[in-house]
Structure formats: C-alpha cells, structure tokens
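First up is the structure itself, then whatever we jot down about it.
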Amino acid sequence: MDAGLVAAQLLNGLQLGVLLFLLASGLTLIFGIMDFVNLAHGSLYMVGAYFCATLTEATDSFLLAVALALPATALVGAAVELLVVRRLYRRDHLDHVLATFGLILCFDTLVQILWGPEGMAIRLPAWADGQQHLPGGLVFPTYRLLIIGAGLAVAAGLYVLVVKTKLGMRIRAGASNPAMAGALGIDIGLLFTLVFALGAVMAGLAGMMIAPITEASIGMGNEIIITAFVVVIVGGIGSIRGAFVAALLIGLIDTMGRSFLDMGLKLIIDVQAAETSAPALSAMLIYILMAAVLAFRPQGLFPPKAR
Amino acid sequence: MSRTVGWLLLAALAAAPPLALAAGQPFYVDILTRLVCLAAAATSLNLILGHGGMISFGHAAYIGIGAYAVGIPAYYEIYDGWLHLLLAVACSALFALATGAVALRTRGVYFIMITMAFAQMVFFAVVSIEEYGGDDGLVIDIRSEFPLVDLEDSLTLYYACFAVLLGTLYLVHRLVRSRFGMVIEGARGNERRMAALGFAFYRHRLAAYTLAGALCGLSGAMLGNFTNFISPEMMDWTRSGELIFMVVLGGTGALFGPLMGAAVFLLLEELLSGWTIYWQLPFGLLLILVVLFARGGLAGLLEGRRG
C-alpha cells in the first residue's frame, strides 16, 4: 500500500469529518436542548451554499460572500424557528419528522424558483486554488487544507462559546433542564431561537465550504444530513464533544472504507468476491457502526453528563 | 363515518379502471395502479406505526426489496410469478426480522434513526451493485408470469394489485382486533403496564414488525411489476417519509386511513404537478399545516375529532 495515498485519504477523511461536525454540532444542540428532530437542517446547509454562490458573484470575493452569507443563513434559521419549529416543541417526534420533511420540500422548491434547477459553481480565489506540498512529498489541494483548518477553528470557537461564555452557560443550563433554567430567569424562547440560528449558521458554513468543490445544488443537504444524524447518534445526543469525535471517526471510516476496504477483503476472501462486495460494504460501514452503537451503547459514545 | 368513506373509496377503486378504459383514458389506470400499491404499503406501515406506535422511517426499503425480488430474477430470465412473490415476502420478512430484533431494543428517536439507518444500508448496497444497474436501476422487460393470469394486461395487473390491497387491509383488520393486536396497542399506550401484566410484548412487536415488512415487500413486488423499471430511488429515505405522510394524512390507527391518505397524496401530486412544476412547495406547506392543525388526519376529521 502506498503511504502517500493513505496520507491523502486520511486528510480527505478529516475534511469530511469537519464538515460533518459543523452539521452535527447544530443538530445535536437542537436535539439535546429542544428535544427536536430537525430533518430540515440539511436545507440550511443548501441555503448557505446558494447564498454564498450568489454573493460571490455579486461581490467578487469569496471571503466577503461567506461573511455576508453567514448572518443571512442565521436569519433564515431564526425565521424557520419562529414560524414553524417553535409550535412543535411540545409535540412528539413523529410530528417533528413530518413537519421538517415538509420544510425540506418547501426549501428545495423555493431554491429551484429563486435560483433555477441548475447547480451554481463557486470560483475560488487564486490564493485558495492551488496545491500544497506537504512534508513527506505529499501534494494536497490548498482549499481542502483550508476547510480542515477552518473547521477545526470553528470547533474550538464553539467549545469556547459553550464552556467559557455566559451565553454558553445558558445554553448548557437549557440543555440540562429547560424548565429550571426558565424558572431562574433565562428567556427560554429567545435561547431556543438563538440556538436554532447558531445551528443554522454552522450548517450554512458547511454548505459554503463544500460548495466550491461540489457546487451548490438542490437537495445537496438531503444525503449528508442522514450521515450527520448518524454522527449525532453515535456521539450521543446533546453532546458537542461526542459530535466532534464521532464526526471525525465517521469521516475517516467512510473515506478509508471506500478506498481501502477491497484491499483488506482480498486478504480474507477471494479477489472476485472482494471486488464485488467491497463497494456495497464500504457504503454500509457507517450504518453498521451506528446500528452497533445503538444495540450495545444506546446513549452514544460520549453522552452528556447530567440530564 | 370514516369507515363509510373507506368502503366507498374501495368500491370506486373496484369500478373505476374499466370505466377509465371505456372512456379512452388508460392513463388513469396507471395512476390508480400506483395508488393501490402505495395504499397497500401504507396500510402495512400503519400496522406498526399507527397501531404499534413504532415510527419506522425505513419502510420504503421493503418496497425496494420487493421490487428487486422481481427485478433480479427477471434479470436472469426467471419469470415465475410465484417464485417472485415468495422471494419478495421471504426477503422482506427476513430483513425485517433481523433489523427489527436490533431496532426494537431502542425507543423514541433512536428507533426512528436506526430504522432509517437500516434502510440506508439497503439503499447503498443496491446503489453499489453494478451488476444490477446500481444507481441507474434495472429494467424489467417481462412481468411476473402466473398461470391463467396475464399481468401484461393493464386491467389484470390493476386487479392483482387491488387484491393485494384488499388482502393487506383484511389481514391488518383481523390482526388489530385479535389478542395480538391488543398487546401491541397496549404496549404503545403504556409499556410498563403491559410488562406488569405479564406480556412479553417485545416478541409481539417483532412479529408485527416482520409482518409489516413482509406485506410491504409484497406491495413492492407489485409496484415493481407495474413500473417495469426499478431503481434504488424507490427506497430513498424521502420515500419512507412519504409513506409516513400518507399514514398520518389519512389518520394513524384507522383501518382505511392509509388508503385515504395515499389517495389524497397521489391526487394532490397529480393535480399540483399538472398545475405547476413547483408543486412540491404547496405540497410541503400542506404537510406542515396537517401536522400543525389536523392531528387526527382525514379519518379524524371525518369522525369529528381534532388534534
């Protein structure tokens, strides 16, 4: 096996991992604090990507576009919370699933009306659009390295926000006991809207970061959101630390599985069988992991401490 | 009231296709065939979702398994209809039994997610098997062959699907009124009480889950026969969401609820998509409104019950 290839795939897995973390951290906060299942989280990922694509064309600067698209996505998130989600907190999970499924249909169609059925590419600025020579003779796209760096920085920022600031203290209080936090004078309604908007911002950021590679397209969030749910479940609902570890784990397992599982299988079974079964098996790996976690450790790998 | 409407709907479904053909509108027979197949699938889902309170978000997987149980033998030029149906029911039942044994150990949102994860596993497994078309799907050139019955005739196919719907309705009806049905309904209401009364309801649930999967596999086999073309898209997670929507729209736990839900769902889809290419927007809004304001579904409205 080629060591350079392994290293490159490790980096790719890491990049997928940080994107998953950006999506899953918002999901797990909304899940843990409001006990709300938000299938439409992937729509905010898509909305962020489209905002960013349009603003990049308008301003001719990718960074400026990201800076403007983030608050715009937050506003969309807050509007969704105020108009629809807020009415559903007291309902059961079936209602959450159905209503947010309806939201997905609305968002996908609205994007089609506003931006048309074709996807939108984002052109990277010259400084981000190259290759980097890493130690060990490895060549890796600059932009993917930037995604990894930015994702890790956001993760650190989120950690500081939740653990070190007053807002974070309120979020944690709301997560462990919303009724008590409300009784102690925290405006729970406002807190919930803020958390939802924060989740929207991070989902949107993930969409903005991936759009220059894949382009912004309708329904782009509908596949990755399922993977993000896997991350949330594996990490433990409500746990940001769990989401972080699980996101990196699943990013790596998925990427490495797709690249190297056939080689591993060839050691055990015959070549023909390995080549036919490896693609199917590698696509199923993360779901197998999730099923195993749910069967043996239903609370997830890193459940939040006190509930 | 909802029973009366259900019977009227069944009568209309029994009489409509020959009339449509006589009026020179074979297109309506196609719509009705799809309606009848999906209504049977939704009825099977209602057994576990409506009566058993098990929110399976992976029910479309069984439609796919049933359809591929027709498509894969047909690919090898095996057209024996009884073999197709046997395969569809047996594979669906086995998959439901194996996954249900794990999934039913979890509760609430974990159950929703794990059923979705298992469905995604089937989805990705089929996508990655190139031999059977992978992503592009598989064309069924000759439908299942039965003695005396020719499914290539559109009316015959319709009535075969209709028979499957009637059989599913009858079976679910009988089951729900039996002691077995009482146990799963009781466990939905209060698990602890059922356990205290000495019912090992896990086994009942698993049996219901397996049966629902097998019945849905049967309707999937009919749907595959009807469409002549099968692809992994049939078991995309959004398809599972649509099945849940049909059940909830019609009214969970009402015998004819899923039939009414499927009828209204497909009718709206036809009407709205004929009216605008952006039909999913009003559709999604309707879904949100139904969740917010019409909890009992159509059956509930007909009975004069509300939320």
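Looking at B:Arg239, its side chain never comes within 3.5 Å of a backbone N or O of B:Gly64 through a donor-acceptor pair. Side-chain atoms of B:Asn46 come within 3.5 Å of backbone atoms of B:Ala254 as a donor-acceptor pair (strictly under, hydrogens ignored). A distance-only check finds a donor-acceptor pair linking the side chain of B:Tyr202 to the backbone of B:Ala101 [under 3.5 Å].
Only the side chain of A:Ile233 comes within contact range of chain B, judged by heavy atoms closer than 4.5 Å. For B:Leu49, the part sitting under 4.5 Å from any heavy atom of chain A is the side chain, from C-beta outward, and nothing else. A:Asn222 touches chain B through backbone and side chain together, each having a heavy atom under 4.5 Å away. Looking at A:Val232, there are no atoms closer than 4.5 Å to chain B (heavy atoms on both sides), in backbone or side chain. With a 4.5 angstrom heavy-atom cutoff, B:Ile112 touches chain A only via side-chain atoms. If you measure heavy-atom distances from A:Phe101 to chain B, the contacts under 4.5 Å come from both the backbone and the side chain. For B:Met113, the parts lying under 4.5 angstrom from a heavy atom of chain A are both the backbone and the side chain. The contact between A:Leu294 and chain B is made by backbone and side chain atoms together, counting heavy-atom distances below 4.5 Å. Heavy atoms of A:Val230 lying under 4.5 Å from chain B are absent altogether. The contact between A:Ile225 and chain B is made entirely by side chain atoms (from C-beta outward), counting heavy-atom distances below 4.5 Å. Contact annotation for B:Glu242: both backbone and side-chain heavy atoms come within less than 4.5 Å of a heavy atom of chain A. Of the two parts of A:Ile104, only the side chain, counted from C-beta on, holds a non-hydrogen atom closer than 4.5 Å to a non-hydrogen atom of chain B.
Taking the six-membered ring for Trp and thresholds of 30 and 60 degrees, A:Tyr287 and B:Phe124 have nearly parallel ring planes, at less than 30 degrees apart. Ring geometry for A:Phe36 versus A:His96: interplanar angle of 30 to 60°, hence tilted.
Enclosure of atom CZ in B:Arg107 by more than 12 non-hydrogen atoms of other residues, nucleotides or ligands within 6.0 angstrom is indicated.
In terms of non-hydrogen atom pairs under 4.5 Å with chain A, the most contact-rich of B:Ile55, B:Val290, B:Val109, B:Thr99 is B:Val109. Interface check for chain A: of the options B:Ile129, B:Thr106, B:Thr238, the most heavy-atom pairs under 4.5 Å are formed by B:Thr238. Of the listed residues (A:Asp92, A:Leu39, A:Leu94), the one with the most heavy-atom contacts under 4.5 Å to chain B is A:Leu94.
Taking the six-membered ring for Trp, A:Phe192 and A:Tyr89 have ring centres closer than 6.0 Å. Aromatic ring centroids of B:Phe283 and B:Phe265 lie under 6.0 Å apart.
Annotation for A:Ala49 and A:Gly207: closest pair CB-O, 3.5 Å, computed over non-hydrogen atoms.
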Let me see the working for B:Val122 and B:Met235 under side-chain contact (heavy atoms from CB on, under 4.5 Å), right down to the final yes or no. CA-CA 8 Å; B:Val122 184; B:Met235 45 183 141; 3.7 Å; yes
